[in-house]
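Since the structure is predicted, the reported quantities are computational estimates derived from the model, not experimental observations.
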Amino acid sequence: MAQQGTAAADKKHWDSIVTDWSADKQTFQVPWGKAMMWIFLLSDTFIFTSFLVGYGHDRISTAAAWPNASEVFALTIFGIDMPLILIAIMTFVLITSSGTMAMAVNYGYRGDRARAASLMLITAAFGAIFVGMQAFEWTKLIEEGVRPWENPFGAEQFGAAFFMITGFHGLHVSAGVIYLFIVARRVITGYYEKPERKGNYEIVEIVGLYWHFVDLVWVFIFAFFYLW
Amino acid sequence: MATEGQQHPLSIYFWIWGLLFLFSAFSYGTDFLPEGLVRWGLILLLMVLKAGFIIAIFMHMAWERVALIWAILGPPVLLLFLIGFMVYEGDYTEATRVDSFTAPPEPVGLEHH
Amino acid sequence: MAYVAIADRDHEQHLHDPDTFITKYVWSQDHKVIAIQYGGTAIAMGVIALALSLLMRLQIGFPDTFNITPYEYYQYVTMHGMIMVIYLLTALFLGGFGNYLIPLMCGARDMVFPYMNMLSFWVFLVACIILCISFFVPGGPTGAGWTLYPPQAILQGTPGVDWGIVLMLLSLAVFIVAFTMGGLNYVTTVLQARCRGMTLMRLPLSVWGIFVATILGLLAFPALLVAAIMMLLDRAIDTSFFMPSLLSMGEALDTQGGSPILFQHLFWFFGHPEVYIVALPAFGLVSDLLSTHARKNIFGYRMMVWAIIAIGALSFVVWAHHMYVSGMNPYFGFFFATTTLIIAVPTAIKVYNWVLTLWRGDLHFNLPMLWATGFIFTFVHGGLTGLFLGNVTVDLPLSDTYFVVGHFHMVMGVSPIMVLFGAIYHWFPKMTGKMPNKTLGTIHFWMTFLGTYAIYLPMHYVGILGMPRRYYAYGDTDFIPESAAIANEGITIAAIFVAVAQVIFFINIFYSMWKGKDSGPNPWRATTLEWQTPDTPPKHGNWGPELPEVHRWAYDYSVPGDDGDYIPQNHPIKPGEASVGA
Amino acid sequence: MAVALAVVLVVLVVGSLVYHFLSPWYFTEIASNWDLIDLTVDITFWVCGFVFVAVNLFTAYCVVKFRHRPGHKAHYEPESHKLEIGLTIFTSIGVAAMLAPGLIAWGDFVRVPEGAMQVEAVGKQWHWSYRFPGEDGQFGNTDVRQMTVDNPLGVDPSDPAGEDDIVVTQPIVHLPLDQDTHMLLRSSDVLHNFTVPQFRVKMDLVPGMVTYQWFRPTVEGTYEVLCEELCGIGHFAMRSKVVVQSRDAFETWLDAQPTFAETQDRPVGNPTRGATTYAVCLACHGAEGQGNQAMNAPKLAGQEPWYIRRQIANYQSGRRGTEDNIAVQMAAMAAVMTTPGVIEDVIAYIGTFPDEPAETTIVGDVDRGRGLYQTCALCHGDEGQGSWNANAPRLAGMSDWSLHRQLMKFKEPDPAARRGGHPDDIYGDQMNLMAVLLKDEAAISDVIAYINTLP
Ligand code: HEA
Ligand code: HEA
Ligand code: CUA
Ligand SMILES: [Cu+2]
């Protein structure tokens with residue numbers, strides 16, 4: 001029947017939407033875990049958007065002055081005032097970790113266990129650095145008197161939204177670091193080489209999806225929290 | 001079938017990596033622009049570009065089948081409604097506040113930096 | 001290089017059959033056991049909520065003789081509403097029926113991630129326990145209304161501000177985690193683990209309803225989660241997300257600049273899809289009940305599927321119809337009234353198709369059929385009153401009155417409940433191998449159907465009179481005639497009557513489980529896959545050595561030229577056969 | 001079974017129609033310009049009613065006609081595009097027929113007509129107040145942080161526009177007949193909702209913003225205002241009144257109301273002068289306001305000044321004073337306090353009395369009382385100390401026998417003999433609603449026994 005032809009259909013061709021959705025057995029030609037991760041990320045997108053919408057609405061509706069992020073998050077390095085510099089560095093760290101993650105996926109599929117695992121560990125390390133810098137940022141803000149419940153620079157929601165959103169993002173990063181560790185360990189120890197797993201390294205891609213998503217969210221936080 | 005999956009030349013990751021660096025540098029740069037449409041336009045443009053590259057290349061969306069792409073990218077459109085309405089709602093709320101309420105106290109800590 | 005579907009490598013699947021009692025019935029990873037655990041817990045919660053509704057009703061019906069305080073009244077209203085919507089209906093439809101039916105109807109051996117599926121139930125149980133604990137903490141459960149609107153929900157003057165509200169929010173957050181674990185499973189299973197020949201357009205509508213409802217859940221619960229987190233922070237560490245400068249009991253609070261309306265938007269961005277989360281599975285299940293017992297294909301299957309999808313998508317852009325009089329930007333009313341009434345069109349199509357399924361059918365009034373027909377009646381009634389409220393101007397006089405209470409009970413407090421009872425009677429033979437007792441079931445039906453109409457119809461009129469909802473007592477109002485008190489007493493008596501009828505249901509279930517007639521594998525002579533399992537009740541892995549293969553759509557009843565009046569989905573197409581499902 | 005079901009369906013449809021047309025239960029008479037809303041409701045009823053009848057009668061028909069009979073086989077027809085498209089179009093027309101008038105009316109509702117008179121309704125747990133913009137036609141800014149017992153509406157004293165604002169702290173507002181009224185809504189604590197069922201429109205009050213509704217009252221009369229957004233346990237008892245009257249009568253009423261500036265310099269009472277006037281009260285209430293059960297006179301010492309002020313006003317205006325003999329007596333006494341400033345003087349004098357807790361005379365089950373008092377505490381305070389914000393007097397340490405008598409009076413079924421039975425005594429009415437939860441005299445004693453344990 002028609003369904004047998006699906007694989008043949010050109011995947012970039014628009015008709016493939018129809019063939020895929022009208023296929024039997026499965027709709028997406030991807031492993032279960034990957035399909036599930038995508039759907040989860042979709043759900044997570046709604047979470048982060050709701051956070052950002054909440055923050056944005058509060059920011060627009062409050063009549064109090066909103067602090068200028070580029071001043072609040074400035075650092076003085078070698079005597080020069082550098083607005084947002086730490087955030088810029090954090091952004092670069094996270095992007096770099098995304099790059100190493102992408103390579104880990106690649107080596108995973110090639111069956112290069114050592115490289116895949118070490119790249120994952122590097123990714124995790126970058127992630128940890130990111131969280132560390134975030135912690136520094138928090139400490140600095142707290143020292144300056146910003147709290148979730150008060151803010152000497154203006155609108156109260158500034159501190160609250162900042163701690164909540166970066167905190168939730170930071171939790172995602174931390175969870176990702178742990179997730180990376182677990183999978184990297186399994187890659188090294190040959191867990192996926194067992195007969196019933198058949199040397200299948202799609203798990204690395206799945207971790208990767210999650211990790212890139214965390215990076216993705218940061219892009220939006222950067223734009224809407226720091227640059228606005 | 002063990003090694004089947006997303007495999008692309010490594011160079012493409014380096015390219016994207018570089019691009020993302022560049023875009024991030026640019027978006028960092030927008031911070032030095034004056035408030036206004038240009039700045040907002042650039043912030044959003046760069047944001048979308050960065051997000052697009054991460055999704056398309058790092059997350060391999062560009063190589064997925066169209067069915068999956070639309071299944072994932074379609075639903076967030078619903079969020080645009082939420083975002084749009086909440087922006088207007090924010091403006092409306094603020095307008096009533098400015099109209100009728102005494103302005104909130106000035107922040108105390110502005111001597112910072 | 002396409003990925004090979006599970007159906008084509010069934011031999012690779014290793015199901016570890018559980019060997020101890022614990023792994024078989026307690027920490028079970030079998031979707032059927034999890035379904036029953038989910039269902040049992042949900043029904044138990046439902047019974048609590050039912051009891052609360054009676055206490056409320058006694059207060060409203062007999063305010064002078066019955067003795068609860070407003071404090072308790074608002075707690076009961078809140079817990080009643082929340083439990084019914086989330087912990088009974090959502091959990092029973094998705095966790096219960098979703099779990100039971102999806103793998104069976106799709107031709108899968110189990111959910112794709114059985115371990116996570118199991119966790120989902122246990123986390124759900126934790127959520128239920130947290131909620132129940134709130135009855136016993138100082139101050140008791142929250143009395144903020146199930147909508148939990150701040151600032152009131154977290155300020156003095158509302159019951160349960162100390163612990164109740166915290167536990168409520170916590171329980172919701174935990175529930176969302178549980179739901180997400182289950183929901184990812186349901187969606188992925190439907191999409192990725194169907195058997196050979198099972199295309200999406202051959203799935204029974206039950207699966208479609210549950211599937212789309214689950215997607216709605218995955219996209220809508222996030223807004224509730226975020227709102228809950230923000231409110232927890234407002235409550236626990238005095239942030240001001242939803243809190244402007246205000247006085248509480250005459251004392252100025254330290255909050256400033258937050259927006260109470262924001263919560264309402266987030267809540268209803270979740271809340272409206274939520275009402276369809278409990279409606280769509282009902283739509284799906286009832287379609288299958290009607291078709292099976294009418295011995296006739298569901299009319300307009302493709303339209304039915306598209307209607308489900310359309311309703312699901314539209315449900316995200318109508319949320320502010322709950323907020324017409326909330327003080328939001330009033331210009332939003334135009335947009336939301338229009339989208340809201342547009343939903344009537346796909347819903348209408350569904351209603352027409354159910355009725356047209358009966359038309360020229362061969363109707364067997366078995367137990368499930370009674371409930372399904374009753375559902376059509378109550379749902380049409382409730383849906384139409386929804387159009388009153390959706391039409392923004394009409395909502396002005398009616399919002400926050402008992403008309404709204406009448407509307408949502410008709411559409412949610414009885415219609416899906418009718419489907420649930422019908423579905424339980426329908427699938428009971430598959431779950432237990434025994435037939436439910438028809439006499440008891442019939443009595444149960446008549447009492448519930450007529451009784452609930454007697455509860456909810458008068459509510460609308462009491463509301464039109466102007467009686468506001470969430471009123472502990474009405475006292476004297478110059479525009480509500482005293483005769484309204486009679487209506488209220490009548491409603492209360494009817495509610496007690498219906499509650500008593502539920503006892504019959506439980507007796508029936510336990511009695512039939514123990515002494516019911518053997519049902520055989522397919523007592524209703526149904527076409528869908530779950531009735532074609534080698535064992536009844538199906539064993540772990542569902543299908544024995546071979547996964548089934550599907551050759552036709554789910555509704556080949558009374559096919560012309562065929563001797564019987566149904567052809568199961570796994571029967572090959574005979575040469576020259578006229579099935580559309582081919 | 002099939003026949004029974006069909007019959008029941010028909011009976012339910014017919015019964016619903018009969019119920020709709022014959023039951024006495026429908027909207028209360030409209031008293032505003034919003035006939036368009038009623039019209040939309042009617043159209044909606046007709047469209048939906050038609051669909052309701054048609055769909056269900058057809059179902060009933062199918063149930064009988066196509067019930068199972070031996071040898072009968074269902075018709076096999078998967079779909080019929082023509083039919084489905086036809087029904088879709090039919091439904092869309094029905095929907096459009098309801099929506100069009102609805103949107104037109106809504107367009108009227110969101111746009112307040114030019115020249116509408118502005119009034120502000122202020123809600124708080126569980127009480128209404130009002131404000132008019134005064135001569136300059138402009139409201140002064142407000143600020144909840146400025147709300148105090150002397151400035152209960154939180155008008156910003158530093159805003160000149162606020163000085164001539166007319167402040168109505170009593171929960172009764174008057175409105176002129178046939179005047180477009182732009183009702184601004186403001187809340188100081190939680191969500192509330194301003195509803196007059198006869199006007200058909202309603203809108204929430206949201207703390208931290210100002211919302212609105214508009215209407216034109218078209219029938220003279222007094223209408224009840226209800227709060228229709230859950231605002232805590234007093235929600236059901238949060239009421240107020242709107243009096244619609246001729247413009248002249250309205251102007252007279254409005255002129256009698258104080259401006260904000262006037263409320264801010266209320267004459268400070270002079271205790272020495274008050275002592276002279278108090279000589280009249282002394283006979284019953286005692287030299288130090290300690291109360292006297294034999295004379296049925298409750299303790300005054302330590303009572304909140306605003307509460308004493310309000311009660312004297314109630315007696316003077318006839319809101320109280322007819323419910324029983326004791327009240328008649330007090331009304332007569334209150335009537336003599338007419339010299340301007342004398343009331344403030346007396347109140348100031350009472351404020352100088354030592355505040356010894358009154359002797360306790362009532363016994364009851366303290367534990368049960370504690371449970372009952374939970375509800376009372378939200379207004380009267382955890383310690384029974386009273387609250388200006390909730391307009392609730394102090395209870396602890398006051399004459400318990402008087403509390404007992406008043407609670408009984410609040411529960412009195414006959415409105416003429418009930419405290420709070422007067423239509424304008426809205427605080428009294430609030431207590432009528434709350435007193436419902438003290439089911440019998442034992443409950444009253446119990447709660448008072450608990451109040452007696454409060455410091
Ligand atoms: C299962 C749950 C469920 C369902 C399916 C619906 C369905 C609908 N609901 Fe309801 N609703 C609730 C549950 C549900 N609702 C709850 C719980 C609340 C209260 C929450 C709270 O405040 O506590 C609520 C409140 C509510 C409000 C807010 C009222 C207020 O607070 O002021 C509104 C307003 O628009 C509304 C509208 C609708 C509409 C238009 C539909 C439509 O989807 C209905 C569509 C169906 C039909 C129309 C019937 C079939 C159609 C035909 C037979 C065709 C013929 C029609 C024509 C030709 C016109 N609902
Ligand atoms: C599914 C949802 C659901 C259900 C079933 C019910 C059932 C009932 N509800 Fe209610 N109700 C709500 C959802 C529901 N309710 C919500 C969301 C609110 C709003 C809360 C708020 O304002 O915050 C509310 C509020 C509400 C009020 C308004 C209170 C007020 O505003 O002051 C009243 C008043 O009479 C009421 C009464 C009843 C009665 C008498 C019943 C029933 O007793 C009717 C008769 C019983 C049945 C129809 C059988 C039910 C059976 C079970 C529960 C057992 C489960 C088993 C299986 C399904 C297998 N409910
Ligand atoms: Cu104020 Cu309800
Ligand atoms: Cu809704």
Side-chain angles (χ1 to χ4, degrees), chain C residues 67 69-71 145 151-152 157-158 244-247 250 252 260 295-297 300 303 325-327 330 333 341 344-345 348 352 355 358-365 376-377 380 384 388 391-394 396-397 400 461 464-466 468 470-473 475 477-479 483 558-560 580, chain D residues 1-2 24-25 27-28 37 40-41 44 48 52 55-56 59 62 66-68 72-76 78-79 84 87 91 95 98-99 102 105-106 110 125 144-145 188-191 197 200-204 206-208 211 224 226 228 230-233 236 374-375 378 387 389 433 436-437 439:
Chain C
N67 210 346
T69 62
Y71 202 90
Q152 169 256 129
T158 300
S245 322
L246 47 75
L247 301 189
R295 315 309 298 158
K296 181 163 178 277
N297 61 286
M303 286 289 251
V325 297
S326 69
L341 288 216
V345 178
Y352 299 144
V355 182
L358 301 181
W359 184 51
R360 299 164 86 183
D362 172 24
L363 315 183
H364 289 62
F365 282 91
I376 298 180
F377 180 83
V380 168
L384 291 172
F388 282 69
N391 200 354
V392 52
T393 331
V394 184
L396 275 174
D400 288 312
Y461 287 87
I464 290 175
L465 279 173
R470 294 167 168 174
Y471 261 34
Y472 162 76
T477 28
D478 49 22
F479 58 92
S483 59
S558 305
V559 180
V580 266
Chain D
M1 190 62 65
W25 300 324
F27 285 107
T28 175
I37 292 184
T40 316
V41 174
T44 313
C48 292
F52 175 70
V55 171
N56 286 314
T59 309
C62 291
F66 303 109
R67 68 184 188 278
H68 174 66
H72 176 77
K73 192 167 177 178
H75 179 72
Y76 189 77
E79 52 195 357
E84 282 174 296
L87 286 170
T91 310
V95 164
M98 294 186 286
L99 187 60
W106 186 250
V110 297
Q125 283 169 327
V144 289
R145 283 161 299 209
S188 68
D189 41 32
V190 302
L191 303 171
R200 296 295 188 265
V201 290
K202 60 165 68 83
M203 190 54 72
D204 277 7
V206 184
T211 58
E224 214 145 346
L226 302 181
E228 299 206 357
L230 180 54
C231 52
I233 69 143
F236 67 100
Q374 222 180 359
T375 310
L378 290 164
S387 153
N389 186 55
L433 286 161
V436 172
L437 62 130
K439 292 289 160 191

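Only the side chain of D:Lys439 comes within contact range of chain C, judged by heavy atoms closer than 4.5 Å. Proximity to chain C (any heavy atom under 4.5 Å) is restricted, for D:Val206, to the side chain, taken from C-beta onward. With a 4.5 angstrom heavy-atom cutoff, D:Asp189 touches chain C via backbone and side-chain atoms both. Heavy-atom distances place the side chain of D:Gln125, and not its backbone, under 4.5 Å from chain C. Within the 4.5 angstrom heavy-atom criterion, atoms from both the backbone and the side chain of D:Thr59 approach chain C.
Inter-residue side-chain proximity for D:Trp25 and C:Ile464 is flagged as unmet; no heavy-atom pair is nearer than 4.5 Å.
Expressed to the nearest 0.5 Å, how far CG of C:Leu396 lies from OG1 of D:Thr40 amounts to 9.5 Å.
Comparing D:Thr91, D:Leu433, D:Thr28 by heavy-atom pairs within less than 4.5 Å of chain C, the highest count is held by D:Thr91. Comparing D:Val95, D:Val55, D:Val201 by how many heavy-atom pairs each has under 4.5 Å with chain C, the most go to D:Val95. Between chain D and the residues C:Leu358, C:Val394, C:Leu247, C:Val355, the most heavy-atom pairs under 4.5 angstrom are made by C:Leu247.
Taking the six-membered ring for Trp and thresholds of 30 and 60 degrees, C:Tyr471 and D:Phe236 have ring planes more than 60 degrees apart, a perpendicular arrangement.
Annotation: D:Phe27 is not in aromatic contact with C:Phe479 [ring centroid separation under 6.0 Å not met].
Checked by atom type and distance alone, the side chain of C:Gln152 pairs as donor or acceptor with a backbone atom of D:Leu230 at under 3.5 Å. C:Asn391 contributes a side-chain N or O that, together with a main-chain N or O of D:Met98, makes up a donor-acceptor pair within less than 3.5 Å. No side-chain donor-acceptor contact under 3.5 Å links D:His75 to the backbone of C:Ser558.
Under the salt bridge (charged side-chain N to carboxylate O under 4.0 Å, His left out) criterion, D:Glu84 pairs with no residue, sequence neighbours left out. Judged as a salt bridge (charged side-chain N to carboxylate O under 4.0 Å, His left out), and not counting sequence neighbours, the contacts of D:Arg145 are D:Asp143.
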